[in-house]
Each structure stands twice: as C-alpha cells, then as structure tokens.
Amino acid sequence: MNLQVVDPHKFDDWNLLAANVAYICWAAGLLIILGYFIRLSTNGDNKDKYDFINKFEISVLWIATIIIIVGAGFFFNSNIPADIKTIIIFVRIFLTIMMGLITAVIIQNLLKFYYPFYIEKRLKVLRYKPRISPKTGKPMKLLSEEEEDVYLDEGMQAEENVFSVDYDVWKDEETGFIKIEKYSGHLHAIQCPECNYQTFKVVKEEVIRPATETSEGELLKHYQCGYCLYKAKKTVILKIPTKINEPIA
Ligand SMILES: [Zn+2]
C-alpha cells in the first residue's frame, strides 16, 4: 500500500500564475502588433508609411512573436498535475524550451525570407501611387530620371551618384509644385538572382571614376544576398551633373 499523500493543490499557485503570465504575454504581443498597424495607418503620407514599414515592420512582428511564444510556453505548463514526477517536470521544461526555439526559428525564417515579398508589394504601391498636389488636389506626375535632374540640387545629384540613393520627383504640371522623396538602396532589398528571395542588398559602393563636368563616371556596387550569401557586382554610370540654373530644354 502506498502511504504517500499528495497534496492535490500542490501546483495550484503555479498553474494559476503560469496561465496569467501566458494571457499577459499574448495580450502584450497582440497590442504591439495592433499598435504598430494603428501607428502605420495614422502616419501622414505614403512616403512616411513607406519608411515606417521599411524600418520597423519586420522587427515589430519579430518582437511580438517572441513574446507570444513565451506566453505559449507558460500556457502549456499551466496544468501541472499534483502527482507529477520530478523527472517529468524537467522533461516538460526541456520540451517547452525546444518547441519554443523551433517555432521561433520557423517564424524568424518566414519573416526574413518570405514576408519581404509581401512587404515589397505594399512598398511598391506606396512608392508609385500618384502623389496629390496640395495646391490643386490633383494627382502629380512622377518625373523620369532625365526630367528630374533639373529639380535636384548638386548635393542630391552627387548623392544619387555615390550612394544607392534614389530621388523621386513629383511635379504638379499645373502649378509647377514639386515634391522630392528620397529612397535608400541600403535599407531596401531586391530579389536575389540566385535564390530568388527578396534579400539582395547593396553592401558596399566604390566610385571607380567620379563624374566630372565633361565626362561620365563609374560606380561599382557590391551586392550580397542575406539568405544564400550570393555576391554580385554591378557597374553604374555616373551622369554628368546637371547645373540647376541651366535646365535642359
Ligand atoms: Zn540569394
């Protein structure tokens, strides 16, 4: 006969605490995500939204994921029976940590390699959606690379020529109102030609030959894939800077 008496409420305090920690974690994770999207939707214009998504979306989702997984770990251990063997407790802790890590790695990979495709689509829409002129309330026109130079000062042109920076110039053709937006190639990944993930980024740039007033220059961009580590170089021609006060007819 087994005379050992088990207190049936031995783990009640723990179980209650674990369940509460789980709910708090889940609430916090969801609030972070909700807060992000509310903040995004109230963010001024398309360009602000573009920068906000580019800068924060993946990190915010990742932080929320970790908090929600920690909550799940507590939740799965909030029903410890009173007669559990000590060894089983250790097995449960071990399994919880392993499952948590595996889930985290899977979600991290989804965020890093698949999610950017979805972000990219939204960023493209935000970047090329016609800007509305504050003067006339009508859509403005996005100028071509050739047309835009007249509106970029020499500093901006130099920047476009030395870094992976793109300026978009929007023009209200009725009033001549101009809106200039800056996009950085360092912050923004393109599709990798090797593995096709949206993880190909400029990692280094070298000016081989600077553009002068009379001759075009050359810029070498070094790309590397964040997923398969594929590397590539691309030469870009540096245009002869356009003088602001002498617009091309
Ligand atoms: Zn790749």
Side-chain angles (χ1 to χ4, degrees), residues 2-127 129 187-189 195-199 201 225-228:
N2 190 352
L3 287 177
Q4 198 188 353
V5 177
V6 176
D7 171 7
H9 301 294
K10 195 172 165 192
F11 289 110
D12 281 5
D13 286 349
W14 161 260
N15 286 339
L16 185 65
L17 176 72
N20 284 332
V21 171
Y23 298 141
I24 290 168
C25 285
W26 288 343
L30 294 177
L31 277 178
I32 288 174
I33 294 173
L34 190 69
Y36 169 82
F37 283 103
I38 290 175
R39 181 70 211 285
L40 177 64
S41 67
T42 55
N43 225 333
D45 66 7
N46 286 339
K47 168 66 172 143
D48 294 332
K49 287 195 172 93
Y50 182 102
D51 289 338
F52 195 70
I53 292 174
N54 222 355
K55 223 170 162 182
F56 298 117
E57 187 152 315
I58 289 182
S59 334
V60 165
L61 291 179
W62 176 229
I63 291 167
T65 299
I66 294 172
I67 297 173
I68 290 171
I69 290 174
V70 169
F74 277 96
F75 185 76
F76 289 126
N77 289 288
S78 63
N79 58 344
I80 307 281
D83 57 354
I84 194 169
K85 292 199 175 79
T86 313
I87 179 77
I88 301 297
I89 294 182
F90 284 108
V91 170
R92 283 184 74 141
I93 292 172
F94 177 75
L95 284 178
T96 305
I97 293 172
M98 292 319 282
M99 291 307 290
L101 285 177
I102 291 169
T103 315
V105 167
I106 291 171
I107 295 179
Q108 188 188 36
N109 278 285
L110 291 175
L111 284 176
K112 228 170 155 180
F113 305 123
Y114 290 97
Y115 197 73
F117 285 104
Y118 168 65
I119 286 198
E120 190 55 27
K121 267 190 215 151
R122 288 158 59 213
L123 289 183
K124 235 178 221 156
V125 171
L126 287 172
R127 179 164 175 180
K129 201 167 161 184
L187 300 173
H188 182 237
C195 68
N196 289 325
Y197 284 121
Q198 198 78 31
T199 41
K201 251 187 202 181
C225 174
Y227 179 67
C228 68

Next on the checklist: Using the rule given for side-chain contact (heavy atoms from CB on, under 4.5 Å), can you reason through Tyr115 versus Leu110, listing the C-alpha separation, both sets of side-chain angles and the distance that settles it, and then say yes or no?
Outcome noted: CA-CA 6 Å; Tyr115 197 73; Leu110 291 175; 6.0 Å; no
Item to check | Where at least one partner belongs to residues 96-108, residue pairs that pass side chain to side chain donor-acceptor pair (under 3.5 Å), sequence neighbours excluded | outcome: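 Pairs touching residues 96-108 that pass the test: Asn77-Thr96.
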Checklist entry - What is the ring orientation for Trp14 with Phe74, classed by angle as parallel under 30°, tilted 30 to 60°, or perpendicular over 60°? => result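 It falls in the tilted class, 30° to 60°.
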Next on the checklist: Using a 3.5 Å distance criterion without hydrogens, assess whether the side chain of Asn109 forms a donor-acceptor pair with backbone atoms of Val105.
Outcome noted: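 Yes, Asn109 side chain to Val105 backbone: donor-acceptor pair under 3.5 Å.
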Item to check | Side-chain (Asp48) to main-chain (Asn43) donor-acceptor, under 3.5 angstrom | outcome: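 No.
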Might you point out which heavy atoms bring [X] and [Y] nearest each other, and give the distance in Å?
| X | Y | result |
| --- | --- | --- |
| Pro116 | Ile58 | CG-CD1, 4.2 Å |
| Tyr36 | Ile53 | OH-CA, 3.4 Å |
| Arg39 | Thr42 | O-OG1, 3.0 Å |
| Tyr50 | Arg127 | CE1-CB, 4.0 Å |

I need the [X] [atom1] to [Y] [atom2] distance, nearest 0.5 Å.
| X | Y | atom1 | atom2 | result |
| --- | --- | --- | --- | --- |
| Leu101 | Ile106 | CG | CD1 | 11.0 Å |
| Ile93 | Ile88 | CD1 | CD1 | 12.0 Å |
| Ile87 | Arg92 | CD1 | CZ | 13.5 Å |
| Phe76 | Leu95 | CZ | CG | 12.0 Å |
| Tyr197 | Tyr227 | OH | OH | 4.5 Å |
| Leu123 | Tyr118 | CG | OH | 10.5 Å |

Checklist entry - Do the non-hydrogen side-chain atoms of Asp51 and Lys47 ever get within less than 4.5 Å of each other? => result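 Result yes, sub-4.5 Å side-chain heavy-atom pair found.
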Next on the checklist: Using side-chain heavy atoms (C-beta onward) and a distance below 4.5 Å, is Phe75 in contact with Ser78?
Outcome noted: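 Side chain of Phe75 against side chain of Ser78, heavy atoms only: contact under 4.5 Å found.
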Next on the checklist: Could you check whether Asp45 pairs with Lys49 (Lys NZ or Arg NE/NH1/NH2 to Asp/Glu carboxylate O, under 4.0 Å)?
Outcome noted: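 Here Asp45 does not pair with Lys49 in a salt bridge, since their nearest N and O are not under 4.0 Å apart.
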Item to check | Salt bridge present between Arg122 and Glu57 (N-O < 4.0 angstrom) | outcome: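 Here Arg122 pairs with Glu57 in a salt bridge, since their nearest N and O are under 4.0 Å apart.
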Item to check | Over 12 foreign heavy atoms within 6.0 Å of OH, Tyr114 | outcome: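 No - once you tally the heavy atoms of other residues, nucleotides and ligands closer than 6.0 Å, there are 12 at most.
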Checklist entry - Taking atom CG of Asp13 as the centre, does the number of heavy atoms from other residues, nucleotides or ligands within less than 6.0 Å exceed 12? => result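 Atom CG in Asp13 is not packed in, count stays at 12 or less.
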Next on the checklist: Could you work out, with ring pair (Phe, Tyr, Trp, His ring centres under 6.0 Å) as the rule, every residue matching Phe56, not counting sequence neighbours?
Outcome noted: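 Here the qualifying residues are Phe52.
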Please list every donor-acceptor pair under 3.5 Å in which a side-chain atom of residues 18-31 meets a protein atom from a residue at least two apart or in another chain.
{"residue": "Asn20", "atom": "ND2", "partner": "Leu16", "partner atom": "O", "Å": "3.4"}
{"residue": "Trp26", "atom": "NE1", "partner": "Ile68", "partner atom": "O", "Å": "3.2"}

